[in-house]
Amino acid sequence: MKEPQNRLKAKTLILTHGDSDGICSGAIAKSAYPDAYVYFTSPVSLLDKLNLIEDVETLIICDIAIEERHCSELYSMLEEFAEECSLYYIDHHPLPESCGKKEWFYHDTGVCSSELTYRVFEDLLSQEMRRVAIYGAIGDFCDNTPCVKTWVKDWDKRSLYFQAGALIQAIIHKGKEYEFKRTLLEPLSKDIIPSNIPDLLELAREAAINEEKIRLFVKEHVKVLRNSAYIVNTNNSISKAAIYAASYGKREVGIAAEYRERKGAYDLSIRSRGNVDINRILRSVAPEFGGSGGGHPVAAGARIPEDSLEVFLRAFDARLGEASEVK
């Protein structure tokens with residue numbers, strides 16, 4: 001279900017990503033600005049979303065990577081917003097080489113967006129909202145930073161991981177259902193624990209059962225290349241499948257691909273357990289095959305045209321080998 005494409009009119013707007021880190025980032029921003037209206041978007045949709053905005057006084061953008069292809073156009077539009085309103089662009093994804101930092105751009109690749117959002121708005125927040133930042137950090141595998149390790153000491157760590165795990169499982173299970181994501185963000189912004197959000201625990205249970213199906217499917221069907229292992233069309237969570245592809249394929253990099261008929265392309269989730277920067281490799285290799293890709297050094301995604309999947313996988317695998325040799 002896509003977000004509505006009506007004009008965006010509100011004094012304070014929050015545009016955020018729809019994964020667990022994005023939802024937690026948006027909740028933290030909304031805790032700082034309770035009257036804000038929240039929309040979910042993505043790197044490929046951000047420009048379109050910005051074009052719908054009217055009369056905004058405070059614009060907060062969380063956890064949205066900057067696409068290399070649209071960097072100049074996006075920066076130009078954001079500079080116009082910065083002249084007319086209070087702009088906060090908060091992100092932790094690696095930047096395209098052509099994009100630099102601006103004073104409205106709060107950027108740190110070493111932490112998750114949730115932690116960064118809390119730090120930006122800390123003066124407007126209760127200390128308890130650090131708990132929501134920790135959920136986001138756990139969801140984005142960024143829970144080993146100095147701040148998060150310090151914050152965790154104020155809570156029972158076991159309870160934190162239970163709450164975060166339930167939240168993350170439910171979010172993945174519901175996919176792109178934005179109205180559901182909004183029902184999570186609102187209570188999180190008020191520091192309501194995930195297990196007290198209606199239906200969330202049952203969804204998390206369903207997700208856990210489903211994950212076992214993914215694991216067993218990948219175990220049986222994973223395919224192995226020299227430097228990576230991959231699985232195609234699990235008809236399920238590709239981020240989970242990529243993790244298990246690396247595990248059962250006994251490779252440092254796992255790839256899961258799912259065919260999207262409407263787009264005539266495969267969406268890929270890629271997870272690395274090694275030291276090779278898969279974000280950098282993807283940004284280089286994917287365009288060679290008419291696709292696009294990027295993300296983080298150890299967790300990234302791509303979209304590859306259907307006719308190019310096999311040759312892309314082999315080219316990407318070869319580039320992984322070259323990068324490992326350099327290391």
Tell me whether [X] is salt-bridged to [Y], with the criterion being a basic N under 4.0 Å from an acidic carboxylate O.
{"X": "E115", "Y": "R119", "value": "yes"}
{"X": "R131", "Y": "D191", "value": "yes"}
{"X": "R182", "Y": "E186", "value": "no"}

Heavy atoms only: give me the nearest [X]-[Y] pair and the separation to one decimal.
{"X": "S113", "Y": "D63", "answer": "OG-N, 3.3 Å"}
{"X": "S239", "Y": "I172", "answer": "OG-CD1, 4.4 Å"}
{"X": "T234", "Y": "A241", "answer": "CG2-CB, 4.0 Å"}

Applying salt bridge (charged side-chain N to carboxylate O under 4.0 Å, His left out) as the test, list every pair that has at least one member in [range]; sequence neighbours left out.
{"range": "residues 135-153", "answer": "none"}
{"range": "residues 197-207", "answer": "E202-R205"}
{"range": "residues 236-248", "answer": "E211-K240"}
{"range": "residues 291-315", "answer": "D267-R303, E310-R314"}

Ring-ring centroid check [X] [Y], cutoff 6.0 Å:
{"X": "F180", "Y": "Y178", "answer": "no"}
{"X": "Y75", "Y": "W104", "answer": "yes"}
{"X": "Y33", "Y": "F121", "answer": "yes"}

Table please: side-chain donor-acceptor pairs of residues 281-301 below 3.5 Å, with sequence neighbours left out.
from: R283; atom 1: NE; to: N279; atom 2: OD1; distance (Å): 3.0
from: R283; atom 1: NH1; to: E68; atom 2: OE1; distance (Å): 3.4
from: R283; atom 1: NH2; to: P94; atom 2: O; distance (Å): 3.3
from: S284; atom 1: OG; to: R319; atom 2: NH1; distance (Å): 3.1
from: E288; atom 1: OE2; to: R319; atom 2: NH2; distance (Å): 3.2
from: H296; atom 1: NE2; to: H93; atom 2: NE2; distance (Å): 3.4

Determine whether [X] and [Y] fall in the same hydrophobic cluster, where Ile, Leu, Val, Met, Phe, Trp and Tyr are linked whenever their side-chain heavy atoms lie under 4.5 Å apart.
{"X": "L46", "Y": "L59", "answer": "yes"}
{"X": "L47", "Y": "F105", "answer": "yes"}
{"X": "L309", "Y": "V222", "answer": "no"}

Within the 4.5 Å heavy-atom criterion, are I64 and H17 side-chain neighbours or not?
yes

Answer yes or no: is there a donor N or O on one side and an acceptor on the other, between the side chain of S86 and the main chain of T58, under 3.5 Å?
no

Any donor-acceptor N/O pair, E258 side chain to N235 backbone, under 3.5 Å
yes

Taking salt bridge (charged side-chain N to carboxylate O under 4.0 Å, His left out) as the test, write out the residues that go with D156, two or more places apart.
R158

Nearest 0.5 Å, what's the OG-CG distance between S228 and D317?
3.5 Å

Give a yes or no on this: more than 12 heavy atoms of other residues, nucleotides or ligands lie within 6.0 Å of atom OH of Y259.
yes

